[in-house]
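What you are looking at is a predicted structure, and each value in this text was computed from that prediction instead of being measured. Chain identifiers are assigned alphabetically (A, B, ...) following the order of the sequence lines, protein sequences preceding nucleic acid strands; residue numbering begins at 1 within each chain. Heavy-atom basis, side chains included; hydrogens, waters and symmetry copies ignored.
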There are 2 protein chains.
Amino acid sequence: MISDTQQISAILRQFHFLQEADEDFREIFFKHATLSRIDAPQPICDQGTQCSHLALVLEGTARVYKLGENGREITLYRIGPGESCILTASCIISGKPFPAFAICETPIEALVIHTAEVKRWTNQFTVWRNYMFTLISDRLGDVISVVEEIAFRRVDRRLASYLLQRGTSTGDDDIKITHQAIASDLGTSREVVSRILKDFEHQGLISVARGFVRLNDAQGLAEKTHEN
Amino acid sequence: MISDTQQISAILRQFHFLQEADEDFREIFFKHATLSRIDAPQPICDQGTQCSHLALVLEGTARVYKLGENGREITLYRIGPGESCILTASCIISGKPFPAFAICETPIEALVIHTAEVKRWTNQFTVWRNYMFTLISDRLGDVISVVEEIAFRRVDRRLASYLLQRGTSTGDDDIKITHQAIASDLGTSREVVSRILKDFEHQGLISVARGFVRLNDAQGLAEKTHEN
DNA sequence: GGAATCTCTGTGACAATGTCACATACACCC
DNA sequence: GGGTGTATGTGACATTGTCACAGAGATTCC
C-alpha cells in the first residue's frame with residue numbers, strides 16, 4: 001500500500017502507463033503495490049524457480065543472464081528504472097519456471113506486486129495489459145538482438161560498441177569495470193577481452209588499468225565497431 | 001469467413017484455445033478468419049516490414065531466422081501446425097517492425113486474421129489474450145535457448161543433437177538436407193558442418209551423401225551431444 | 001550421348017576465438 | 001612488511017570461422 005503523495009507522483013513519472021490509467025486502476029495499483037529495497041549484489045531470481053512477485057524498478061539496475069556449463073555467462077538484458085522484469089511476468093502468465101538468473105547490480109528500489117494481482121489486472125485492465133505486452137515484446141526484441149550479436153559479430157567490434165555505450169551512458173570516459181565483468185556481458189571469456197583491450201590500448205584508443213578502462217579516442221573506437 | 005463444418009472441427013482440433021472458448025468468441029473468430037495457402041519456398045515477412053495480418057498455421061512449417069552481414073543465417077524458431085507467428089503478434093501489439101525474416105519451408109495452409117481484429121480480440125476476450133501471452137512467452141523461451149546454445153555449446157555437440165532431433169521428428173533415419181541448410185539452422189558456416197559430418201562418418205555414426213544424411217548409430221550420436 | 005551449367009561437397013591455409021595452466025601485479029588487511 | 005585475495009598477462013593449443021578454389025553429382029539443352 002502506497003499513500004505518500006510525493007512518492008506517488010515520482011512513480012507516475014517513471015511509469016508512463018500509469019499516467020494513462022483511470023483513477024479506478026491507479027487506486028487498485030497503489031493499494032496492492034509494496035515498496036521494497038534490495039541491496040546489491042544479490043541474486044533475485046534463480047534459474048528454474050517459480051516467481052511469486054513482479055518487480056517494477058524505480059531505482060537501480062538488475063542484470064538477467066544465462067550461465068553456461070563451463071561457468072561462462074552472457075547478459076540477456078538489463079532492467080533499469082521504469083522497467084520491469086518481464087521474464088518474471090512471462091513466467092507468471094505461462095506458469096513456467098524462470099529460464100535464467102537475475103542479479104541485483106546496484107541497490108534496487110522497486111514496487112513489488114503479487115502474482116495473483118498481476119494475473120487479475122492482466123484480465124481486467126487494458127492499460128496494464130498493454131504495458132505487459134509491450135514489455136514482453138521489447139524483451140523478445142532485446143534477446144533477438146543478442147542472438148544476432150553473438151552469432152554474427154566479431155568480438156572486437158562488439159567490445160568496441162560495448163565500451164562506447166558504457167562510456168556515453170555514464171557520461172564519463174572512465175569506465176569502472178573488470179575484464180571478467182565485460183566478458184560476462186558479452187558472453188565470451190576473460191582472456192579474450194584482455195587480449196583485445198590490450199590491442200586497443202596499443203593503438204592508443206583506450207588506457208587500461210586494474211578495474212577500469214579509459215576511452216582516449218572515441219572516434220577511433222567507433223570505427224572499430226563496423227570494420228577492421 | 002469459415003463455415004464448412006468439417007473444416008471447423010479440424011481447426012478446433014489444432015487450436016486448443018478455441019475449444020475452451022465460448023460460442024460468442026468462436027463465432028467472431030470464424031467470421032473474421034480467412035483460409036489462405038502459401039506455396040513454398042517463399043518469403044513471408046521481411047525484416048523491417050510492418051505486419052498487417054496474423055497467421056495461425058494449420059498445415060506446413062515456416063522458419064523465422066536472422067540474417068548476418070556476411071550472409072550467414074541462424075534459425076530463431078520454427079512455426080508448425082497449431083502454432084502462430086508470435087513475432088507478428090508482438091509487432092502488431094507494439095507497432096514495431098518485424099525484426100527478422102520468415103520464410104515458408106513447405107506449402108502452408110493458415111488462418112489469416114487482420115491486425116485490427118487481433119488487437120480488438122486481445123482487449124475483449126480472455127481466451128484469446130491468454131493464447132497470445134502464452135505464444136509470446138514460449139517464443140521468448142525459445143530464443144533464450146538459442147542464445148544459450150550458440151553462446152556455450154560446441155558446434156559438434158549441437159550438430160549431433162540437431163541430427164538426432166531431425167531423425168526422430170521424421171521417424172526416419174534418413175534426413176534429406178544439405179550441409180548449407182544445417183549450417184543456416186545452427187548459425188554456423190557450411191564448411192564447419194561438412195567437416196564435422198565427415199568426422200561423424202569416419203566414426204561410423206552416420207553416412208553422408210549429396211543432399212542427405214543417414215543415422216547409423218543413434219546411440220553413439222547421443223553420446224556426442226554431451227561430452228567428447 | 002555429350003557439353004554446358006547448376007548446386008553441393010571437399011580441402012588446405014590461415015584468422016579469430018575459446019580453453020587451460022600458470023605467472024605476475026595490484027589492493028587490502030593485519 | 002608480509003600474507004591473502006582479486007585482477008590481469010601470457011603462451012600453447014583446440015575449436016571455429018573465412019576464403020579461395022577444386023571436384024563431384026545433377027540438370028538442361030542440343
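A donor-acceptor distance shorter than 3.5 angstrom exists from the side chain of T115(A) to the backbone of S52(A), with no hydrogens or angles considered. Looking only at distances, a side-chain donor or acceptor of R158(A) sits under 3.5 Å from a matching main-chain atom of L186(A).
Distance L159(A) CG to dA16(C) C1': 14 Å, rounded to the nearest Å. If you measure from atom CD1 of I182(B) to atom P of dT9(C), you get 8 Å, rounded to the nearest angstrom. When rounded to the nearest whole Å, the span between CG of D156(B) and C1' of dT15(D) equals 9 Å. Taking atom CD1 of I150(B) as the reference point, atom P of dG17(D) lies 10 Å away to the nearest angstrom. Residue R157(B) contributes atom CZ, which lies 15 Å from atom P of dA14(D) at whole-angstrom precision. With rounding to whole Å, I196(B) atom CD1 is found 16 Å from dA14(D) atom P.
For the residue pair T225(B)/R157(B), the side-chain donor-acceptor check at 3.5 Å is not satisfied. Residues T75(B) and R63(B) have side chains that bring a donor and an acceptor to within less than 3.5 angstrom of each other. No side-chain N or O of T178(B) forms a donor-acceptor pair with one of R190(B) less than 3.5 Å apart.
For the segment residues 66-73 of chain B, the set of residues with a heavy atom within less than 4.0 Å of an atom of DNA chain D comprises N70(B), R72(B), in numerical order.
Between I175(B) and the options L215(B), L164(B), I182(B), a side-chain contact (heavy atoms from CB on, under 4.5 Å) holds for only L215(B).
For F17(B), the ring-ring contact (aromatic ring centres under 6.0 Å, His included) partners two or more places apart in sequence, or in a different chain, are W128(B), Y131(B). Applying the side-chain contact (heavy atoms from CB on, under 4.5 Å) rule to R195(A) yields the partners V192(A); only residues at least two apart in sequence or on another chain are considered.
R72(A) forms no cation-pi arrangement with F152(B), by the criterion of a distance under 6.0 Å to the ring centre and an angle within 45° of the ring axis.
To the nearest 0.5 Å, atoms CD (Q42(A)) and CD (E105(A)) are separated by 13.5 Å.
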Would you give a per-nucleotide map of nucleotides 1-10 of chain D, 5' to 3', where B means the base has a protein non-hydrogen atom under 4.0 Å away, S means only the sugar-phosphate does, and - means neither? ----BBSBBB

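Across its full length, the helix from dG1(C)-dC30(D) to dC30(C)-dG1(D) shows an angle of 20° between the axes of its 5 terminal pairs at either end, rounded to 10 degrees.
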Using atom types as modelled, flag every donor-acceptor pair under 3.5 Å from a side chain in residues 198-210 of chain B to any protein atom, sequence neighbours excluded.
{"unit_1": "E201(B)", "atom_1": "OE2", "unit_2": "V208(B)", "atom_2": "N", "d": "3.1"}
{"unit_1": "Q203(B)", "atom_1": "OE1", "unit_2": "K224(B)", "atom_2": "NZ", "d": "2.8"}
{"unit_1": "S207(B)", "atom_1": "OG", "unit_2": "N216(B)", "atom_2": "ND2", "d": "2.7"}

